[in-house]
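This report concerns only the one structure given below.
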Amino acid sequence: MDLPALTFDYNLVPLSIVDNGHTIMISYAPGSMLKVGDKVYELTQFHFHHPSEENISGTEFDMVAHLVHKDAEGHLAVVAVLFTKGPANPLVEILWQNIPAEKQKAITLDSVSVNVKDLLPAEFGYYTFSGSLTTPPCTEGVTWYVLKTSSNLSPQQLAKFAKIYPANNRPIQPIYEREIPESR
């Protein structure tokens, strides 16, 4: 379908990272935006699941990053960046080097700056659907944008995450009657 383009306006921010007992999560300082048509969402955080919680035509992916955004009215939009094994991802390398030793203890490193745009693939074609968050309480009313092109991470980067979280993904859910439009 002719769907609006995803426009990412992400800033460099100090690294704020936590192992929250479910995943590795990076909180994002205010000011980074996702625009979809006339809708504007602010990036609040991103986190990872292994293996991915999405598939494309039955193809599974090694990992996914969920970029969680919120608009001014509190509506959520999540961009799913799928990962396959390949060359090392420089941003993932920085994140994994700074995982806090203690769970549930967030740290902010002003000396380490990150930009989540470094996780994005070169192309922003996507699938979209209405769904829920994937962790309890699985809040409904989330607009999902699953990027069609995957990014890479190295087998070593995947193994490091899998050692901490061998399987922190929600199983693939049935489509039921949902339409899943695909951008051109």
Side-chain angles (χ1 to χ4, degrees), residues 1-13 15-18 20 22-57 59-84 86 89-92 94-95 114-135 138-153 157 161 168-170 172-173 175 178-184:
M1 297 177 64
D2 287 322
L3 298 174
L6 302 180
T7 303
F8 299 99
D9 184 14
Y10 293 152
N11 300 320
L12 195 65
V13 298
L15 177 60
S16 180
I17 187 169
V18 65
N20 65 15
H22 304 287
T23 189
I24 305 303
M25 185 178 81
I26 293 77
S27 296
Y28 224 77
S32 292
M33 304 296 176
L34 163 68
K35 296 176 186 166
V36 187
D38 60 354
K39 297 177 184 174
V40 178
Y41 301 91
E42 184 168 50
L43 179 64
T44 60
Q45 55 102 335
F46 65 98
H47 60 271
F48 298 87
H49 297 282
H50 161 71
S52 70
E53 295 184 326
E54 301 80 14
N55 69 42
I56 296 176
S57 300
T59 299
E60 297 179 353
F61 293 84
D62 297 308
M63 182 176 277
V64 64
H66 286 162
L67 286 56
V68 181
H69 304 77
K70 187 183 290 190
D71 72 9
E73 291 79 40
H75 302 113
L76 296 176
V78 179
V79 174
V81 180
L82 301 163
F83 289 90
T84 55
N89 183 293
L91 178 55
V92 169
I94 291 168
L95 299 177
V114 297
N115 193 327
V116 72
K117 77 176 180 184
D118 295 335
L119 291 182
L120 298 175
E123 298 178 15
F124 303 145
Y126 64 92
Y127 300 93
T128 186
F129 58 93
S130 179
S132 68
L133 294 177
T134 63
T135 55
C138 298
T139 304
E140 294 283 341
V142 177
T143 302
W144 284 86
Y145 301 98
V146 178
L147 297 182
K148 296 192 292 185
T149 303
S150 63
S151 290
N152 292 321
L153 79 165
Q157 289 172 327
F161 186 88
N168 71 335
N169 64 320
R170 179 184 184 189
I172 300 294
Q173 300 298 301
I175 294 174
R178 275 188 287 201
E179 289 185 13
I180 302 180
E182 175 184 358
S183 69
R184 293 193 195 275

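In this text, all values refer to a predicted model and were calculated from it rather than measured experimentally.
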For a 4.5 angstrom cut-off between non-hydrogen side-chain atoms, does [X] reach [Y]?
X    : Y    : result
Y28  : N115 : yes
L147 : L6   : yes
S151 : L119 : no
V146 : F129 : yes
H75  : T143 : no
F48  : I26  : yes
V13  : V116 : no

[Y] backbone acceptor or donor facing [X] side chain under 3.5 Å:
X    : Y    : value
S183 : Y126 : yes
S32  : N11  : yes
H49  : V64  : no
T44  : V68  : yes
T128 : W144 : yes

[X] to [Y] - nearest heavy-atom pair and separation:
X    : Y    : result
N89  : D118 : ND2-O, 3.8 Å
S150 : T84  : OG-OG1, 3.5 Å
R178 : G131 : NH1-CA, 3.7 Å
Y145 : A77  : CE1-CB, 4.0 Å
P4   : V36  : CG-CG1, 3.9 Å

Atom CD of E60: over 12 foreign heavy atoms under 6.0 Å:
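Result for CD/E60: open.
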Flag if over 12 foreign heavy atoms under 6.0 Å of NZ, K35:
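Counting other residues, nucleotides and ligands, NZ of K35 stays at 12 neighbours or fewer.
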Calculate, to the nearest 0.5 Å, the distance between atoms [atom1] and [atom2] belonging to [X] and [Y] respectively.
X    : Y    : atom1 : atom2 : answer
L34  : L43  : CG    : CG    : 8.5 Å
Q45  : L67  : CD    : CG    : 8.5 Å
K70  : E42  : NZ    : CD    : 10.0 Å
S52  : H66  : OG    : NE2   : 8.0 Å
N168 : M63  : CG    : CE    : 7.5 Å
E53  : I172 : CD    : CD1   : 7.5 Å

Side chain to side chain contact (heavy atoms under 4.5 Å, CB included) for L82 and E54? Distances and angles first, verdict last.
CA-CA 8 Å; L82 301 163; E54 301 80 14; 3.8 Å; yes
With side chain to side chain contact (heavy atoms under 4.5 Å, CB included) as the criterion, how do H69 and V79 come out once you've worked through the C-alpha distance, each side chain's angles and the decisive distance to 0.1 Å?
CA-CA 8 Å; H69 304 77; V79 174; 3.8 Å; yes
Quick one, S132 with R170, criterion side chain to side chain contact (heavy atoms under 4.5 Å, CB included). Give me CA distance, side-chain angles, the key distance, then yes/no.
CA-CA 11 Å; S132 68; R170 179 184 184 189; 3.1 Å; yes
Is any side-chain N of the basic residue among E182 and K148 closer than 4.0 Å to the acidic one's carboxylate O?
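Yes, this pair counts.
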Please work out which of the three classes, parallel, tilted or perpendicular, describes the rings of F8 and Y10, given edges at 30° and 60°.
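Rings of Y10 and F8: tilted, 30 to 60°.
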Which word best sums up how the rings of H50 and F161 line up, parallel for under 30°, tilted for 30 to 60°, or perpendicular for over 60°?
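The rings of H50 and F161 stand perpendicular, inter-plane angle above 60°.
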